[in-house]
Amino acid sequence: MRPGGNRGWLLRLVIAFSFAQGAVSMARPAVSYRALALGADERAIGVIAGVYALLPLFVAVPLGRRTDHGRCAPLLPVGVVLISGGCALSGLADSLWAMAVWSGVMGLGHLCFVIGAQSLVARQSAPHEQDRNFGHFTIGASLGQLVGPIAAGALIGGPDMAGTSALALLVAGAGGAVAFTSLWRIESPATANSRKEQGERVPVQRILRARGVPAGIFISLAVLSATDILTAYLPVVGEHRGIAPAMIGVLLSLRAAATIACRLVLTPLLRLLGRTLLLTVTCLLAALLCAGIALPVPVWALAVMLAVLGFCLGVGQPLSMTTVVQAAPEGARSTALALRLTGNRLGQVAAPASAGLVAGLAGVAAPFVMLGALLLVSAGIALRAPVRPAGEPEDAGKASLSRAILRRKSGI
């Protein structure tokens with residue numbers, strides 16, 4: 001299959017990602033509620049949320065190296081097994097340390113799946129299709145983030161919070177396993193065989209020095225940290241403000257639905273504004289809205305804020321993927337995507353831990369102010385991110401612009 005050919009593989013990948021991400025999105029708030037029922041405080045919630053990202057920090061780059069010189073598809077079923085097992089075993093755990101361990105296994109599974117899936121999209125998409133295909137791919141994540149919290153909210157509640165949250169985690173594990181049904185013939189043999197002819201490994205330092213890679217990594221880190229802390233800490237905010245778990249699930253799903261809407265219209269938004277302006281404006285708006293969640297607003301106003309926030313956060317992930325892929329050296333794109341995911345996981349370790357500390361010192365709404373500051377910095381970085389097409393050097397971009405001007409003057 002040549003890049004840009006039949007896109008049936010992309011539909012199957014989106015379906016599989018929907019179930020895998022749905023399991024994770026259902027499990028994350030369920031883990032928070034179960035930990036609260038077992039006696040955890042805000043700091044402990046932050047630690048458990050951080051452990052989810054800790055183990056993947058050590059394996060992301062080796063997995064990316066392996067994928068650059070081999071196949072992507074084998075990582076997908078491995079990821080599904082670890083996600084489903086981590087969810088189910090978190091539901092059976094009866095101590096906070098055990099929940100933290102199985103949360104880490106769940107995070108490792110999610111990393112395996114995402115590295116394999118993102119590398120597959122980069123490898124099997126033509127350069128001009130990457131923004132669109134990454135946008136469609138991340139719709140799978142948003143669908144999972146839409147359904148998962150609603151399912152968790154429907155199951156969790158009542159006087160037996162520990163029991164209902166455990167049930168939600170077991171259901172999440174079963175739901176994640178459904179992803180297996182969409183993983184058949186997802187990678188082209190011709191595309192997989194072409195990787196065997198790749199040359200020597202590109203040093204990590206060279207990848208990180210490529211203009212655009214650090215910007216894409218930081219923007220992705222900021223956007224994912226916002227999504228992650230929203231998922232982990234909105235239940236805690238709800239507990240303090242008297243908002244029922246079912247309503248918290250609806251609010252989180254409303255945010256995810258707005259993200260889906262954003263990604264469905266991503267292509268026309270790119271044509272209208274361009275990648276740099278779109279990233280900058282959405283990061284800036286997201287910064288203001290995250291800080292606004294700290295205010296004691298009524299539930300309807302919180303719903304409006306989360307809907308607009310979800311739309312803004314929907315831009316960062318797919319466009320940061322394209323930014324990293326197009327800026328990375330040829331033959332090191334999976335490694336570059338793995339470095340981006342490493343940055344994400346660093347954010348997922350540091351942000352919840354910092355959020356737990358801030359919440360313990362200044363209240364449960366304070367982490368959202370911290371997120372606002374992080375997104376504000378990412379808006380400034382997005383303004384400086386390069387936007388030239390993949391494989392086109394800077395001078396070539398200037399030359400093509402000059403040719404276009406000459407053609408227009410010549411009436412061609």
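- At least one donor-acceptor pair under 3.5 Å links the side chain of S84 to the backbone N or O of V80.
- Considering every non-hydrogen atom in both S32 and I45, the closest pair reads O-CD1, 3.5 Å.
- The side-chain hydrogen bond (donor to acceptor under 3.5 Å, both in side chains) analysis of residues 244-257, with sequence neighbours excluded, yields the pairs Q145-R255, R255-T259.
- Ring-plane geometry between F17 and F113 is classed as parallel, the angle between the planes falling under 30 degrees on a 0 to 90 degree scale with a further cut at 60.
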Q: Quick one: do S320 and V223 satisfy side-chain contact (heavy atoms from CB on, under 4.5 Å)? Show the steps, please.
A: CA-CA 10 Å; S320 69; V223 170; over 6 Å; no
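- Residues A122 and L337 come closest through the heavy atom pair CB-CD1, 4.2 Å.
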**Q.** I219 and L279: CA distance, side-chain angles, deciding distance, side-chain contact (heavy atoms from CB on, under 4.5 Å) verdict
**A.** CA-CA 9 Å; I219 292 166; L279 271 172; 4.1 Å; yes
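- For residues 91-109, every residue pair satisfying the side-chain hydrogen bond (donor to acceptor under 3.5 Å, both in side chains) rule, not counting sequence neighbours, is listed here: S95-W97.
- Under the side chain to side chain contact (heavy atoms under 4.5 Å, CB included) criterion, L251 pairs with L234, M247, I248, L302, A303, L306, not counting sequence neighbours.
- Counting only heavy atoms from C-beta outward, the side chains of M161 and L36 never approach each other to under 4.5 Å.
- Closest approach of G212 to T323, counting heavy atoms only: O-CG2, 3.4 Å.
- Between atom CG of residue L76 and atom CD1 of residue I115 there is a gap of 11.0 Å, rounded to the nearest 0.5 Å.
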Q | side-chain contact (heavy atoms from CB on, under 4.5 Å) evaluation trace for F19 with L143 | A | CA-CA 8 Å; F19 282 102; L143 285 170; over 6 Å; no
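- Put simply, SG on C283 and CG on L288 are 11.5 Å apart, with the number rounded to the nearest 0.5 Å.
- Under the 4.5 Å side-chain criterion, counting only non-hydrogen atoms from C-beta, L319 is in contact with L270.
- L339 is listed as a side-chain neighbour of I217, based on a closest heavy-atom distance under 4.5 Å.
- Considering only heavy atoms from C-beta on, H136 comes within 4.5 Å of R132 through its side chain.
- The distance from atom CG of L63 to atom CG of L341, rounded to the nearest 0.5 Å, is 10.0 Å.
- The distance from atom CZ of F218 to atom CD1 of I381, rounded to the nearest 0.5 Å, is 4.5 Å.
- In this structure T322 satisfies the side-chain hydrogen bond (donor to acceptor under 3.5 Å, both in side chains) test together with D131, sequence neighbours excluded.
- Note that CG of L278 is 5.0 Å distant from OG1 of T282, once rounded to the nearest 0.5 Å.
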Q: Just do the side-chain contact (heavy atoms from CB on, under 4.5 Å) check on V281 and L273 with the steps written out, would you?
A: CA-CA 10 Å; V281 169; L273 299 175; 5.8 Å; no
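- Side-chain contact check for V325 versus V121: every heavy-atom pair is 4.5 Å or farther apart.
- Under the rule for a side chain to side chain contact (heavy atoms under 4.5 Å, CB included), the partners of L38 that lie at least two apart in sequence or sit in another chain are R34, L96, M99.
- Residue pairs meeting the side-chain hydrogen bond (donor to acceptor under 3.5 Å, both in side chains) criterion with at least one member in residues 150-167, sequence neighbours excluded, do not occur.
- A donor-acceptor pair is defined here as one N or O able to donate and one able to accept, closer than 3.5 Å; such a pair exists between the side chain of R263 and the backbone of T138.
- Under the side chain to side chain contact (heavy atoms under 4.5 Å, CB included) criterion, W184 pairs with R12, sequence neighbours left out.
- The minimum heavy-atom distance between A336 and I207, with the atom names listed, is CB-CG2, 3.8 Å.
- Counting only heavy atoms from C-beta outward, the side chains of Y52 and V31 never approach each other to under 4.5 Å.
- Scored by the side-chain hydrogen bond (donor to acceptor under 3.5 Å, both in side chains) test, S25 finds Q21 as partners (sequence neighbours excluded).
- We find the OG1-CG distance between T342 and L111 to be 7.0 Å, quoted to the nearest 0.5 Å.
- Residues L374 and L221 meet the side-chain proximity criterion, which asks for heavy atoms closer than 4.5 Å.
- Here side-chain hydrogen bond (donor to acceptor under 3.5 Å, both in side chains) pairs that include residues 370-381, with residues two or more places apart or in two chains, number zero.
- By the side-chain hydrogen bond (donor to acceptor under 3.5 Å, both in side chains) test, S18 is found to be paired with no residue, residues two or more places apart in sequence or in another chain being considered.
- Residue pairs meeting the ring-ring contact (aromatic ring centres under 6.0 Å, His included) criterion with at least one member in residues 310-342, sequence neighbours excluded, do not occur.
- With sequence neighbours left out, L376 forms a side chain to side chain contact (heavy atoms under 4.5 Å, CB included) with L284, A287.
- F368 places a side-chain heavy atom less than 4.5 Å from the side chain of L230.
- For L75 against C112, the heavy-atom pair with the smallest separation is CB-O, 3.4 Å.
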